[in-house]
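Residue numbers begin at 1 in each chain, while the letters A, B, ... track the order of the sequences. Quick note: numbers below take in every heavy atom, side chains included, and nothing from hydrogens, waters or symmetry partners.
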Number of protein chains: 2
Amino acid sequence: MNPPTIKDVAKAANVSVATVSRVLHNLDGYSDKTKQIVMQAVEALGYQPNAIARGLVNKRTQTIGVLFPDVSSSFSSDILHGIEEIAQERGFSVIVCNTAEEGKRTLKYLQVLREKQVDGIVFTSEVLKDEYFQAIKDMRVPVILVNTMSQKHMIPYVKVDDRQAAYQATDYLIQKGHREIAMISGSLKDQIAGYPRLDGYRQALADNGIEYMESRVAIGDFELESSRKAMQKLLTEAPPFTAVFAASDEMAIGAMNYAMEQGLKIPEDLSIIGYDDLKFARMVHPPLTTIHQPLTLMGRMASEKLIALIEDKGSQVSSSIVSHHLVERQTVRSKP
Amino acid sequence: MNPPTIKDVAKAANVSVATVSRVLHNLDGYSDKTKQIVMQAVEALGYQPNAIARGLVNKRTQTIGVLFPDVSSSFSSDILHGIEEIAQERGFSVIVCNTAEEGKRTLKYLQVLREKQVDGIVFTSEVLKDEYFQAIKDMRVPVILVNTMSQKHMIPYVKVDDRQAAYQATDYLIQKGHREIAMISGSLKDQIAGYPRLDGYRQALADNGIEYMESRVAIGDFELESSRKAMQKLLTEAPPFTAVFAASDEMAIGAMNYAMEQGLKIPEDLSIIGYDDLKFARMVHPPLTTIHQPLTLMGRMASEKLIALIEDKGSQVSSSIVSHHLVERQTVRSKP
DNA sequence: TTGATTTACGTAAACGTTTAAGCAACCTTA
DNA sequence: TAAGGTTGCTTAAACGTTTACGTAAATCAA
């Protein structure tokens, strides 16, 4: 009635469970004949190993936990895709956790992951608060950061160089002949995707001898609605500009839509460049020129690193700054 | 050195493990004083239960597996979000599986889920092949279908009525005064999102006394590129039309972009209605009028049903046809 | 032939829980 | 006071594996 266990197989094959276990694992210590018999019994009973029991003795679950601020975002799910791909290749399962950016939920999830004895954790797109760090440290499993990093703790991470990418985006606009360039930034308190991108923008202006004007930067929250407002503000209050660098694709698109509604033509009247290259960047019209972040690749890399740490404790893995690149589509025009 | 176990707690509190287990589970059979002592020991040692050991004896892992054809799609990740939300509320973890629509991968994943002793499975957006069904049946855990169903097997599912939704989309165009209506459909072999939607379209035409013309339907694969081609074909080969119903948002957007590139104005020259209401439907310009599928809700419902089946075997849960609705944005105009 | 080595197993402990069964001490009740 | 109940525990088996250790038989070397 119950699923057959290794004992049932042993009984059926008239050997001990140790022998069954050994043939199942391709160890040695049995004759070819016994191997045949055991295999037949396995077949006949339809035996499937129980990973829970195995996990108990091995202290390994072949499972990793992944935390996202919002699993349903295009951003997160691309990363997840990469993580899952490698994990599955290497025989690991992944438990997804949606933190909703809430500390309580996050901590609760960390506890669940601990109780479930996951072998490692990847933590994405949020700042690693001290309490999270402590919780993870307590559970003594490796952790990899994706699209975030920690100054305070030496934890391997995978991310692009936001400052440099923002620099490049801005510089591109400048090379295209623009000199009055506005920016729609995320919160400056955001040490990952906020401040550094603004800083890259500022640096690019400086290096090209263009004055930085605070009145030309508006702050959003990386999402659509906020950037419509930001755009409205820029259009009414800022000194004139011919191009905008938005710190996320979603904000770029919000800005673009608002501008179009105001009768501006993109890119004829206004050039826009985004950041992320999410799937919908190429779906909008005109398709968005933007900074590409290789999210799936980042997920894969994180998975690789994590599994390396799990399988070879002792080994040190380093952080990776992955290379972004600018993808030219149709929202930026050359200014004569 | 090793994490403390229930035995360590027992030793520290000078009681048996059974007693510790009971106070941890709020059963009775101990005095208030012992409870205090045990709790103190738990605190002092920082004891955390081991869910693997627990799973072994309880034959319950509090884990469910979820299979997606493509985890990174906006569609899947919205469903996942809903599933995760309820699961976490009810104390379940979710393992994500990306089948990539490959039979081999799917079967491999089903085996992994079996070995990991998941308590239930949700299977989404793909036809449940016989071999999948057999594998799941063999593992004797409940399963819920989302955005798909099985004629052959009685398995509870959660989905919208595709035929009816397509009917409604088409009928809406007709009510808006259109009579020459093209359709960009998915593959007619697709028994879920392909044929039924075409059929709904056809039925709506018929009910309004409009002739169905095969030359006005083009076939795509639900994705962007295919619908550009489909649109091109319609524009060059089909009898003139004033509106298009696309069987997915992504196809609607591809069609829309192609039309705009050809100089058509949306919705002045051509009305378009989509299907899905994915996140980017409101991001494009003009924002897409479309059929809303409540994906997150569907995920939640699936989770609820699955957990009900897990917790109360014996109980029968029914399928749900969830209600879609049409969301009016700006890609359809009233024809005078 | 003898002793050593190898082969082919079996035995049993261990992993960290839950829980049925048992039991001593105390409390009722008649 | 004896029989029965209750309270507050402990003991030990069980869940399904892995694996260190033991051992009998077969093989080998000298």
Side-chain angles (χ1 to χ4, degrees), chain A residues 1-39 41-42 45-63 91 112 114-119 139-140, chain B residues 1-39 41-42 45-63 91 112 114-119 139-140:
Chain A
M1 194 70 275
N2 276 339
T5 72
I6 199 172
K7 282 185 194 165
D8 300 318
V9 176
K11 203 164 296 172
N14 243 311
V15 297
S16 72
V17 292
T19 300
V20 176
S21 177
R22 278 189 295 251
V23 346
L24 254 22
H25 287 278
N26 263 321
L27 304 177
D28 42 27
Y30 50 87
S31 67
D32 247 25
K33 205 176 75 193
T34 8
K35 176 170 178 173
Q36 303 304 329
I37 300 181
V38 168
M39 289 314 244
V42 165
L45 298 181
Y47 167 77
Q48 301 275 143
N50 179 325
I52 296 299
R54 177 180 296 164
L56 186 58
V57 6
N58 289 343
K59 290 158 173 304
R60 266 286 214 70
T61 53
Q62 300 294 120
T63 303
V112 169
R114 174 180 187 159
E115 294 189 4
K116 292 238 162 98
Q117 315 289 126
V118 297
D119 298 329
M139 57 200 284
R140 302 132 159 291
Chain B
M1 194 70 275
N2 276 339
T5 72
I6 199 173
K7 282 186 194 166
D8 300 318
V9 175
K11 203 165 296 173
N14 244 311
V15 296
S16 73
V17 293
T19 300
V20 176
S21 178
R22 277 190 300 254
V23 347
L24 255 21
H25 287 278
N26 265 320
L27 304 178
D28 44 27
Y30 49 86
S31 66
D32 248 24
K33 205 176 75 192
T34 2
K35 176 170 179 174
Q36 303 305 330
I37 300 181
V38 168
M39 288 314 242
V42 166
L45 298 181
Y47 167 78
Q48 302 276 144
N50 179 326
I52 296 299
R54 178 179 296 165
L56 186 57
V57 5
N58 288 343
K59 290 159 173 308
R60 265 289 214 67
T61 53
Q62 300 294 122
T63 303
V112 168
R114 174 180 188 160
E115 294 189 5
K116 290 238 163 97
Q117 315 288 128
V118 297
D119 299 330
M139 58 199 286
R140 303 132 158 290

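- Atom-to-atom, CD of A/Q62 to P of D/dT17 comes out at 16 Å; the value is rounded to the nearest Å.
- Contact annotation: A/T5 side-chain N/O to D/dG16 OP1/OP2 distance is not under 4.0 Å.
- Nearest heavy atom pair, residue A/T5 against residue A/Y47, reads C-CE1, 3.5 Å.
- With hydrogens and angles ignored, no donor-acceptor pair closer than 3.5 Å exists between the side chain of B/R22 and the base of D/dG8.
- For the pair A/Y30 and C/dT6, the criterion of a side-chain N or O lying under 4.0 Å from OP1 or OP2 is not met.
- Look at A/S21 and you won't find any side-chain N or O under 4.0 angstrom from OP1 or OP2 of D/dT17.
- Across all strands, A/E115 comes closer than 4.0 Å to no nucleic acid atom at all (heavy-atom distances).
- Side-chain proximity of B/L56 to D/dT10, C/dG16, D/dA12: nearest is C/dG16.
- The listed nucleotides are D/dT17, C/dT18, D/dT11; the one nearest the side chain of A/V57 is D/dT17.
- Heavy atoms of B/N58 sit under 4.0 angstrom from primed sugar atoms or phosphate atoms, though from no base atom.
- For B/L24 and C/dG16, the CG to P distance is 15 Å, given to the nearest whole Å.
- A/K116 places no side-chain N or O within 3.5 Å of a backbone atom of A/T61 that could act as its donor or acceptor partner.
- B/K11 contributes atom NZ, which lies 11.0 Å from atom CG of B/L45 (distance to the nearest 0.5 angstrom).
- The side chain to side chain contact (heavy atoms under 4.5 Å, CB included) test with B/V42 singles out one residue from B/D8, B/I6, B/V23, B/V9, and that residue is B/V9.
- The separation between B/L27 atom CG and D/dT10 atom P is 15 Å, rounded to whole Å.
- Nucleotide C/dC15 holds its P atom 23 Å from the NZ atom of A/K116, rounded to whole Å.
- At whole-Å resolution of the value, CG in A/D32 and P in C/dC9 are 10 Å apart.
- Sequence order on DNA chain D of the closest nucleotides to A/N50 and B/T19 puts B/T19 first from the 5' end.
- Between the CG atom of A/D28 and the P atom of D/dT18 there is a distance of 16 Å, rounded to whole Å.
- A/Q48 comes within 4.0 angstrom of sugar-phosphate atoms only, judged by non-hydrogen atoms across all strands, and of no base.
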